Amino acid sequence: MADGRPQGITEDQWQAAQLIWDYHQMRHDVRPCDAAVALGCNDLGVSTYAAHLYETGLFPTLVFTGGNSAATIDLFPRGEAVHFREHALALGVPAHAMLLEPKAANTGQNIAYAREVLTTAGVQPRSVLLVTMPYMERRAFATCRAQWPEVEVTCASLPLSFDAYLKDMGDEQSVISMMVGDLQRVIEYPRQGFAIAQDVPEDVHAAYEFLVREGFANHLI
């Protein structure tokens with residue numbers, strides 16, 4: 001990385017991506033909740049951070065949700081939630097505190113199916129902590145507010161800077177493309193009833209359109 005910026009990413013692209021990264025994060029104050037839901041993805045850090053939050057006593061029950069996608073099948077061949085649960089177990093989270101939802105194929109299903117798993121287990125939370133990738137916080141929040149409006153929603157993700165996250169993930173082009181794709185869903189999904197509407201500032205919208213023109217479009221709808 002040159003001056004904190006990955007090689008192959010121009011300064012304009014970097015600044016646009018940083019804007020979108022900042023927008024995606026809700027910056028909620030993490031507080032005790034009745035249950036937590038860790039959303040499956042290609043980032044095992046979600047499981048690591050969920051385990052850390054459990055250890056701090058913020059919630060008694062942790063749901064891992066997620067099947068597979070094209071981005072995760074090679075990383076987690078038995079399914080995102082299965083691998084995430086195993087990782088949390090290795091980090092010391094007791095089996096009795098975890099619930100498994102291994103079928104969800106999108107964020108809406110993550111929320112809906114996790115809710116079903118909790119209900120089946122006799123857990124009726126009034127507040128939920130969503131643990132996600134840093135750039136997935138806003139979409140997860142908007143989706144949960146539409147699909148599960150009666151619960152209070154708090155979002156949390158591993159507190160990393162944009163450049164530190166890119167270093168950890170190791171594929172800058174893919175991460176930025178996924179961030180752009182998530183922002184498109186934040187914009188478009190409320191029109192389809194999948195999520196509540198979120199205000200998108202003009203500079204963030206301009207950054208999105210710029211990065212699409214620049215070719216970061218592999219994860220668009």
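If you're wondering where the values come from, they're calculated on a predicted model, not measured in any experiment.
Among residue pairs with one or both ends in residues 140-149, none qualify as side chain to side chain donor-acceptor pair (under 3.5 Å); sequence neighbours excluded. Note on residues 157-177: pairs passing ring pair (Phe, Tyr, Trp, His ring centres under 6.0 Å), not counting sequence neighbours, are W14-F162, W21-F162, W21-Y165. Applying the salt bridge (Lys or Arg N to Asp or Glu O under 4.0 Å) rule to pairs touching residues 106-115 yields R115-E150, sequence neighbours excluded. Applying the ring pair (Phe, Tyr, Trp, His ring centres under 6.0 Å) test to pairs two or more places apart or on separate chains, those with a residue in residues 95-144 are H28-F141. Residue pairs meeting the side chain to side chain donor-acceptor pair (under 3.5 Å) criterion with at least one member in residues 45-63, sequence neighbours excluded: T48-H87. Residue pairs meeting the salt bridge (Lys or Arg N to Asp or Glu O under 4.0 Å) criterion with at least one member in residues 173-200, sequence neighbours excluded, are R139-D182, E188-R191. Among residues at least two apart or in separate chains, salt bridge (Lys or Arg N to Asp or Glu O under 4.0 Å) pairs with a member in residues 73-97 are R78-E86.
Paired with V128 under the rule side chain to side chain contact (heavy atoms under 4.5 Å, CB included), one option of I111, V153, V37 passes, and it is V37. Between R138 and the choices Q25, H24, Q198, the side chain to side chain donor-acceptor pair (under 3.5 Å) rule is met once, by Q198.
F194 shares a hydrophobic cluster with Y189, I221; the chain of contacts runs through ILVMFWY side chains whose heavy atoms sit under 4.5 Å apart.
When the salt bridge (Lys or Arg N to Asp or Glu O under 4.0 Å) test is applied to R126, no partner is found at least two apart in sequence or on another chain. The side-chain contact (heavy atoms from CB on, under 4.5 Å) search around L211 returns Q13, A16, A17, I20, I176, V180, F216, not counting sequence neighbours. Partners of F76 according to the ring-ring contact (aromatic ring centres under 6.0 Å, His included) rule, which considers only residues two or more places apart in sequence or in another chain, are H83, F84. Under the side chain to side chain donor-acceptor pair (under 3.5 Å) criterion, S174 pairs with no residue, sequence neighbours left out.
Separating the OG1 atom in T132 from the CG atom in L129 is a distance of 9.5 Å, to the nearest 0.5 Å. Between atom CG of residue L160 and atom CG of residue L158 there is a gap of 4.0 Å, rounded to the nearest 0.5 Å.
Two residues are said to be in side-chain contact when any heavy atoms from C-beta on lie closer than 4.5 Å; M133 and N42 meet this criterion. Between L100 and V117, the closest side-chain pair of non-hydrogen atoms is not below 4.5 Å. By the 4.5 Å heavy-atom criterion applied to side chains, V212 and Q184 are not counted as neighbours.
Heavy-atom contacts from other residues, nucleotides or ligands closer than 6.0 Å to CD of Q192 number more than 12.
A continuous path of ILVMFWY side-chain contacts below 4.5 Å connects V175 to L220, so both sit in one hydrophobic cluster.
Electrostatic pairing of R31 and E152 counts as a salt bridge here, judged by a charged N lying under 4.0 Å from a carboxylate O.
Closest heavy-atom contact between P190 and I196: CG-O, 3.4 Å.
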